[in-house]
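One structure is given below, encoded as structure tokens.
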Amino acid sequence: MAFGRVGARTCVEQEGGWNPDEGESPPPHAPLTLRAYLPADRTLPRRRARLDTAWRLLSLITPLPPLAERLVEQAQWEKVWKEGFQIVRVGRIVVRPVWETHTPQPGDLVLSLEPGLAFGTGHHPTTRLCLAWMQELPVAGRRILDLGTGSGILAIAAGLLGAERVVGLDIDAMAVRAARANVRLNGLSGCVRVQRGSLPWREGGQFHGIVANISAKVVCRLAAALWEALYPGGWLLASGILQEQQEEVAHALGGVGFPPPQVRREGEWVAMRTGRPSEKSTGQGGTSLPRRMECGPDAGKR
């Protein structure tokens, strides 16, 4: 709060090895680094003085180390930040940070992204696994759900692949804002809708495909809701799962009716594909759905 009151942009750095999505907490005495960035302009002395006062007061409550500061050139900061985000190709999909240029090859689907604080840039194995597998699944003309949309990368990918309608859900308000901005950036506001929420979705309805790049714990907890949200014949692609969690997730999904999943791995991460079996009596099998309006770059082409 002290940093926020002086208009500082902050980030927290802490040793990894734990996952809050899995209900894990950091070690009780793990070191923590708080970085705050202030503009080096005429307001700096006033901001620094206010921050110093607040820091001294906080030090009366709990021991705190002295503040350390250094000047970071704007060009240097931007260069370091951008170096972590390069163009990524996964099959036909090319994920392009907005500051990078790319000359599309025949068949390329270029996904422009403004990397923010939300998860999903195409660099993490779980995202790459989902992007690759989505290109092999029936997406065009279908209604797709991206559960835990983060930056919106998978929802946008579904739109580029010709989905009729895509819903992206996330419980994080910052992720929702970032995803909506990225959807607009890719010109897909007409068919990709991002909202704050999770399953069961308050608006109801079912989907022909669900991609859930979240975590093993959340997939297990929402197994029944995932089943209910799928049309018979629909597919489920779950990721964000470590190899040692694979059996646990398969058991949870199987417990609500999903068949044993297919599995693909990259490093220590896995993606799992299963689906809700077709019910011939309903006439809603996943392979017999008519193609309607598509919103990808090949919309209207047959």
Side-chain angles (χ1 to χ4, degrees), residues 81-170 172 174-195 207-214 235 237-240 264 266 269 271 273 293-301:
W81 180 69
K82 290 181 178 181
E83 281 178 351
F85 302 100
Q86 303 296 323
I87 290 176
V88 176
R89 174 181 287 277
V90 182
R92 296 173 58 204
I93 296 175
V94 178
V95 183
R96 179 190 71 88
V98 291
W99 56 83
E100 295 281 358
T101 58
H102 173 72
T103 303
Q105 303 300 310
D108 277 1
L109 300 175
V110 180
L111 195 161
S112 300
L113 205 65
E114 175 66 67
L117 296 180
F119 177 81
T121 64
H123 292 76
H124 195 275
T126 60
T127 309
R128 288 197 299 268
L129 285 165
C130 290
L131 286 172
W133 218 334
M134 287 174 67
Q135 295 173 65
E136 303 173 22
L137 295 171
V139 173
R142 269 66 170 181
R143 177 179 165 92
I144 306 298
L145 171 64
D146 177 18
L147 183 62
T149 195
S151 68
I153 184 172
L154 299 178
I156 295 167
L160 293 176
L161 289 167
E164 176 202 356
R165 175 66 63 181
V166 185
V167 174
L169 295 179
D170 206 293
D172 188 310
M174 184 179 295
V176 170
R177 290 193 295 270
R180 285 175 176 170
N182 284 320
V183 168
R184 291 192 297 269
L185 181 63
N186 287 272
L188 291 174
S189 298
C191 72
V192 180
R193 178 184 178 192
V194 179
Q195 288 196 321
F207 300 87
H208 306 121
I210 299 176
V211 55
N213 184 20
I214 35 183
W235 53 264
L237 182 56
S239 192
R264 292 182 180 176
E266 182 176 339
W269 297 96
R273 181 222 169 163
M293 180 185 69
E294 298 177 6
C295 66
D298 298 324
K301 298 181 181 178

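When each of Leu185, Val183, Ile93 is tested with Ile156 by the rule side chain to side chain contact (heavy atoms under 4.5 Å, CB included), just one qualifies, namely Val183.
The shortest side-chain heavy-atom distance between Val94 and Leu109 does not fall under the 4.5 Å cut-off. Two residues are said to be in side-chain contact when any heavy atoms from C-beta on lie closer than 4.5 Å; Ile144 and Phe207 fail this criterion. Val88 has its side chain within reach of Val90: a pair of non-hydrogen atoms, C-beta onward, lies under 4.5 Å apart. Two residues are said to be in side-chain contact when any heavy atoms from C-beta on lie closer than 4.5 Å; Arg92 and Gln135 meet this criterion. With contacts defined as side-chain heavy-atom distances shorter than 4.5 Å, the pair Asp108/His102 qualifies. Counting heavy atoms from C-beta outward, Arg193 and Gln195 have side chains that approach closer than 4.5 Å. Counting heavy atoms from C-beta outward, Leu169 and Leu145 have side chains that approach closer than 4.5 Å. Inter-residue side-chain proximity for Thr121 and Ser151 is flagged as unmet; no heavy-atom pair is nearer than 4.5 Å.
Heavy atoms only, all atoms of each residue included: Glu164 and Cys191 are closest at O-CB, 3.7 Å. The nearest pair of heavy atoms linking Ile87 to Thr101 is CD1-O, 3.5 Å. Ile214 and Gly148 get closest at one heavy-atom pair: CG2-CA, 3.8 Å. When all heavy atoms are compared, the tightest approach of Leu129 to Trp269 is CD1-O, 4.1 Å. Nearest heavy-atom pair across Ala271 and Leu237 is CB-CD1, 4.4 Å. Residue Val194 comes nearest to Ala179 through the heavy atom pair CG1-CB, 3.9 Å, listed as atom of the first residue, atom of the second, then distance.
Between the CE atom of Met134 and the CG atom of Leu154 there is a distance of 5.5 Å, given to the nearest 0.5 Å. Atom OG1 of Thr127 and atom CD of Glu266 lie 10.0 Å apart (nearest 0.5 Å). Arg143 CZ to Ile210 CD1: the interatomic distance, rounded to the nearest 0.5 Å, is 10.0 Å. The CG atom of Asn182 lies 4.5 Å from the CG atom of Leu113; values are rounded to the nearest 0.5 Å. Rounding to the nearest 0.5 Å gives a distance of 6.5 Å between NE2 of His123 and CD of Gln86.
Counting only distance, with no hydrogens or angles, the side chain of Asp170 and the backbone of Gly150 share a donor-acceptor pair below 3.5 Å. Side-chain atoms of Arg142 come within 3.5 Å of backbone N or O of Ala140 as a donor-acceptor pair. Asn186 contributes a side-chain N or O that, together with a main-chain N or O of Ser112, makes up a donor-acceptor pair within less than 3.5 Å.
Using a 4.0 Å cut-off between a side-chain N of Lys or Arg and a carboxylate O of Asp or Glu, Arg273 and Glu136 do not qualify as a salt bridge.
Residues satisfying the side-chain hydrogen bond (donor to acceptor under 3.5 Å, both in side chains) criterion with Arg177, sequence neighbours excluded, are absent altogether.
Residue pairs meeting the salt bridge (charged side-chain N to carboxylate O under 4.0 Å, His left out) criterion with at least one partner in residues 144-155, sequence neighbours excluded, are absent.
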